[in-house]
Q: 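Quick one: the structure is below, and I'll ask about it shortly.
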Amino acid sequence: MDAEIDQLEHEVEKIYQQLDLSDDPELEKLVDENLKCRYRVQQLKMSIAKERAKPLDRMISVQAALSAHLQAAIRAAYPEAAAAVKVQLTSSAKEEFGDYQCSNAMSLAKAVKLQPRQVAAAIVDKLEAGDLIEKTEIAGPGFINISLRRQPVIEELNRLLVHGVRPPPVDRKRRVIVDYSSPNIAKQMHVGHLRSTIIGDSVARLCRFLGHEVLALNHVGDWGTQFGMLIAHLKDRFPDYATKCPPIGDLQAFYKESKVRFDSDEQFKQRAYAAVVSLQRRDPDSTAAWKLICDASRKDFQRVYGRLGVENLVERGESFYQDLMTEVVDELKSGGHLVPDEGRLIMWPPGCDIPLTVVKSDGGFTYDTSDLAAIRQRLFAESADWLIYVVDIGQGVHFKGIFSAAEKAGWLNPAVARVDHVGFGVVLGEDRKKFKTRSGDTVRLTDLLNEGIERAGAKLAEKGRDKELTPQELKAAQEAVAYGCIKYADLSHNRNNDYVFSFDKMLDDRGNTAVYLLYAYTRISSIARTANLSPDQLLKLAKSPGITELQHPKEWKLAKQLLRFADVVDKLTQDLLLHSLCDFLYETACVFTEFYDACYCIEKNRDSGEVIRVNHWRILLCDATAKIMKAGLDILGIRTVDRM
Amino acid sequence: FSQSTSTSMANECLASLGLSGPKIEETMRNKDLTERLVALVRCAKDKLGSKELSKVQGNLIYHTGTKLKKQAFAGHELIVNHIINGDLATEAQVTAACDFCLKQIGSGDLDAFKAACGIGVSITPEDIERAVEEVINKHKQELLAQRYAFGMNKLLGEARSNLKWADGKQVKCEFEVQILHLLGPKTDADRAGNANASSVAKQPAARGKPAAVAAAANGNAEVFREDTRSLADQMISGDAAKFHKPGENYLTDGYVMTPRTRFLLGRHLKQTGGKVFTRFPPEPNGILHIGHAKAINFNFGYARAHNGHCYLRYDDTNPEKEEEKFFVAIRDIVEWLGYTPYKVTYASDNFDQLYEWAESLIMRGKAYVCHQSPDQLKGHNPPPSPWRDRPAEESLQLFRAMRAGMYAEGEACLRMRLTMEDSKQDPVAYRIKYARHHRTGSKWCIYPTYDYTHCLCDSIENITHSLCTKEFQNRRSSYYWLCNALDLYCPVQWEYGRLNVCNTVMSKRKILNLVQKKAVADWDDPRLFTLTALRRRGVPPEAVNLFAAKVGVTMASAYIDPSLLDACTREILNTSAPRTMVVLDPLKVTIVEGLDAVKSAALTVPDYPASPERGSHSIASFSASSGVLYLEREDFRDGGKAGAGAGFKRLTEDQPVGLKHANVAIAVRQVVRDAAGQVSELRVACLPLDSLPAKPKCFVHWVADPVQVEVRLYEQLFTMKNPEEHPDGLIAAMNPNSLSVKPGALADRYLLTAAAIQRHLQFERLGYFYLDQDSSPPGRLIFNRTVTLKEDVGK
């Protein structure tokens, strides 16, 4: 037997030796194919690894994932009607309705002339469960109630604990320009600038959080005829301004003085005009004077920005666009976009009732011209593909015109670049009239911030916090509360509406206010401390075992609420309505309270206060809540404190 | 139906310009022109309302149609306006207006426009008279002296330039009247003199070039001496003179303007400082050939002549065909030709950027993923893709899937949505290839195509002039389209004619075939016309560049006879290859009497007999080898003068011959034969020259105490002008005598050391030779024949 095996092996060996395959084209082909297949396997493995790593960079948006499933199901069930359908999906109001509720069946039923419940059943039939969906149920007239599986939610929360709060996916990384604040040189900032600054800063923070490359621009008013008056006055008051820095700290007074002279002194007026001309010629003397004035203003602005925590705001005023305007006008002319109109040259942007005045009858330029120059420069030279203008809502028509004109001129391709005018209403006093001081002047921003600090201090003192906190902690809390409440009051209202400025309301520690959220945040963050867990220990716990169960309905409710963060941010990306983030944070604080009231995190001996048991997964849930709240407050530009 | 209406409408428009029937027909054949004219007429009718165009206006509008370039067409309204209101009244003005619209892109400056077209300038006959008089008076003395031999056209031109907006005919008429008045009618002497003057004027120009070429031959250390001037001249005054200046891309015919062009050109100029940037972009999948010498000289030469820069960019987008050795060889050859790349770049350096742009292109709705098979896409009339109109989001997802490896090769590709010149539709931008790339490793499984990559790399490198051969003419529109579709700086593509050489093959595929069939040794077999082969054969780089210069760095294609390269090679080597004596087919000669005529053991031989000051070398004389020396076998003929033939001037039994450099002659005393009767040795007498009654008719080369070397003699690989036309294929077309090896050649011993230093040598009476790379001095020397001394030898 063995001998036989030996012999056979020997024979096989011999056959192999005789087989000369070196020149066989068939073999060559197969070898080639094999190489390609191996390469492809390697490529696919790399792609899988990349796909797996994705959730580490981006949070899963449950809403978006479910919407995609539903969209596919609707398309499969009713291909002819599906194109017009937008998925209607909300998180369910009550536990018995599952976690999410889809209401498309009702409207779709009309289109396909069937019973809504029938339609709902057809959609459910085509719905792929995927990882997310535990079960579906048809309820009422035709609602589809969807219950989520726990596991993917738990996994996402554990990723959140280990990898932090990540933004939801975006279609692509964009270069964003956010244009906001934009005060006028030599004038005080007032509450109107406050809104643009607060909203713009938050929008810029949002875009950075999303992973975009952001350039925040301060389009200050640093050009125009008023500079003639200021330069002439500066030259009169401080003839040695070139060598000795003039004390023009109070620019507003300086502005008023020169304005009085301008209105009363004909000779001065002439000199002011001459100064404008020499500035436009970039005459070094006048330019130096202009710079001095701008610098003085800039210092004022910077103080305000510093207090509000506004960073990375690049000043690029109207003066920057002066030289670009001629080119823009030339280009519009040669493109045949300009029409003469009573000596002016105007442009009719498609879809707009009001033309843009591009060249005035005296040959001068207007705001329309400089905004056209700016949008072109931002699209071309800056290669921006998302432009956001945070300017009051009164400018809506103007920006509609600018955007439409830019498209007509071939500068703006909507398939490539997105443009938004983020408008906002005016600030009203508690009398619901325009916000003014008692004497009827516009409210200076500095004064307003000072009052905020004062009031916040009083509020903390009223609560006796001055006795509990160290002076440093108290100061930090005072500032966080003061600036936080001013910002939050602004951001928590739909920006399109006017809003009533009231320190009393914004400093209320109940309801949807910054004070409430800041308190809630410090409380939540302190829970782990109470359980004697350091951040390192927390992280270790999160990595292993992590959150393992979400049995209690309040735990489950909180978990779902936390994951909604990605949905909320995703929606923000579309509409830039920041108040929905405020609402979300407030809700989160409320849901957390429900959870905290119902579920023990740390069980103590009632008498001795001794810690008996620490429910680690709940502590982790607290930590996740704190992280989400922190991320939300960061987007809003609100500083948190550890103790208050 | 719609076509006939549009035809009849165009007909009507052209008729309203006052064109005759046949002229209309002729015009209609030019579709672009007709389209422009229709637009112009429509515009004019809008302004005129119920009025008709006058004949003059019609003429001028037609003129506008022919002169206004496509990329300046936005200016047509302005021009028509001014034709209608009568501001533009002459063709010269309209030409100026068209020019203004082209050069002042986007300038809305009406005053500048008016000044440029002479609007508002009115010229009276008196103005003309005065201006002509002024010019004639200025040159009066010369005119009287030279009479009609004086350059009248130049003079008329001067008068015209002073009267830019005057009617040309009127100026000419006035000019002729005044000349006649001054000089009187032409005499016979005037007519004869005129002819003389013109022939004299032409001669120096004709002499200029050979002088430069001859000067080139004197240089031996540097590749570029005087000949660069002739190349540079061609770059400034030849066909290349019509190239645009950097930043003026829009002046080129066919350039496409977008609203971003002006901005992009401005930024381009800022980034380049207005310098010329070119690139030499070979695919690293083969060896450069003589045709590339034109491309290299064109690209590097144009940049050099304009103080610009030239990149060497490897177009390495096809991972399957690339090999490391080609990268090295290409760079080596560029440097061998005397050029230094500004930077060496690789198309693959830009793969990330290119991919990002591909996604952007999809997003812009200008590219889509297609699943037609490669076979379906082949051929002249492939069916249109059914996936052409799929939504952008879908294409984007599928493109990402392509990148992830989710399709097999050929199952999906990315195509650009455009129709090219030859009505080819939707060129492929990316295809799937499961192959490693030698630079990007295993990062990618989709690779961009030439059509997609080339223009974008040009754009990235801010190339001003993208020079390519004429085969790429039909890719020009896709080149421009893609840059514009992505809002990128768009270089200008200029095409030039290929340089082809007869009696050889240059395509990579065909050479590869020869190599694989072992018909030639390798890519650098000296019989080939690859540049490495030429280098190995011993053609100096100066000769290659001189050849390129002589062929002309022009737009025209050319089929050049290889003898031109031989001539260039001789021109360079004549003064750069020192002489030596080598006997290819030795015949032993023993001096049996008069050996004492040569006393010294060594002889001094000048390297260049015509210029002895350039040095000399010393060779063994036969006195040291007991009178044994070797002659070329064919320099002796058996059978005496009668047997050798009347024309034979070298050695016979009864005719002595001189020995070069030895100052003696030899006369045969005895012919020794071997068993077969073949001459095996000559026994000779050595005779001092002055002892002879007459100087020998011929001096031959010889060697004594020699070393053995191998000499390889090459002839044309193909004797047919176009070997590809041979009915039995390339191999059959090969010249069987293209290579003959002389393993037993004998050379002066001094070559053992000299050849290692000076690889180019002239073997006296035989040709120019080059030390082959297979040699292993000092033991074994191998020489390639670069070229024979004269063209007719070997034919």
Q: Considering non-hydrogen atoms only, spot the tightest contact between B/Pro259 and A/Phe380 and give its length.
A: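 Taking B/Pro259 first and A/Phe380 second, the nearest heavy atoms are O-CE2, 3.8 Å.
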Q: Under a 4.5 Å heavy-atom cutoff, which of A/Gly336, A/Ser383, A/Ala381, A/Gly335 has the most pairs with chain B?
A: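 Looking at each of A/Gly336, A/Ser383, A/Ala381, A/Gly335 in turn, A/Ala381 comes out on top.
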Q: With a cut-off of 6.0 Å (strictly less than), are more than 12 heavy atoms of other residues, nucleotides or ligands near CD of A/Glu80?
A: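 For A/Glu80, atom CD is crowded (more than 12 foreign heavy atoms under 6.0 Å).
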Q: Quick check: under 4.5 Å, non-hydrogen atoms only, which of residues 362-369 of chain B neighbour chain A?
A: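 So the qualifying residues are B/Met363, B/Arg364.
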Q: Are there residues of residues 32-52 of chain A that reach to under 4.5 Å of chain B by heavy atoms, and which ones?
A: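 Under the 4.5 Å heavy-atom cut-off, A/Lys36, A/Tyr39, A/Arg40, A/Gln42, A/Gln43, A/Leu44, A/Met46, A/Ser47, A/Lys50 qualify.
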Q: Sort by residue number and list every member of residues 397-404 of chain B having a non-hydrogen atom under 4.5 Å from chain A.
A: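 B/Arg400, B/Arg403, B/Ala404, listed by number.
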Q: How far apart are the C-alpha atoms of B/Phe263 and A/Glu331, what are their side-chain angles, what is the distance that settles it, and do they pass the side-chain contact (heavy atoms from CB on, under 4.5 Å) test?
A: CA-CA 10 Å; B/Phe263 162 78; A/Glu331 199 170 297; 5.8 Å; no
Q: Would you please name every residue forming a ring pair (Phe, Tyr, Trp, His ring centres under 6.0 Å) with B/His438, sequence neighbours left out?
A: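 With neighbours one apart ignored, the set is B/Phe327.
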Q: Does any backbone or side-chain atom of A/Asp171 lie under 4.5 Å from a heavy atom of chain B? Answer side chain, backbone, both or neither.
A: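 Contact with chain B is through the backbone of A/Asp171 alone.
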Q: For A/Phe320, does the CZ atom sit with more than 12 other heavy atoms under 6.0 Å from it, leaving out its own atoms?
A: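 Result for CZ/A/Phe320: enclosed.
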Q: Around atom NZ of B/Lys45, are there more than 12 heavy atoms from other residues, nucleotides or ligands closer than 6.0 Å?
A: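 Buried by this count: over 12 neighbours within 6.0 Å.
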Q: For atom CD of B/Glu77, decide whether the heavy atoms of other residues, nucleotides or ligands shown that lie under 6.0 angstrom number more than 12.
A: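 No, not enclosed.
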Q: Count the heavy atoms belonging to other residues, nucleotides or ligands that lie under 6.0 Å from NZ of A/Lys408, then report whether that count exceeds 12.
A: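 Result for NZ/A/Lys408: enclosed.
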Q: May I ask you to name which of B/Glu393, B/Met406, B/Lys433 has the most heavy-atom pairs under 4.5 Å with chain A?
A: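 Of the options given, most contacts go to B/Met406.
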Q: Please flag which part of B/Glu320 lies under 4.5 Å from any non-hydrogen atom of chain A: side chain, backbone, both or neither.
A: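 Only the side chain of B/Glu320 comes within 4.5 Å of chain A.
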Q: Non-hydrogen atoms of chain A under 4.5 Å away: do they reach the side chain of B/Ala392, the backbone, both or neither?
A: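 Neither part, no heavy atoms under 4.5 Å.
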Q: Once you round to the nearest 0.5 Å, how far does CG of B/Asp487 lie from CG of A/Leu379?
A: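 It is 9.5 Å, given to the nearest 0.5 Å.
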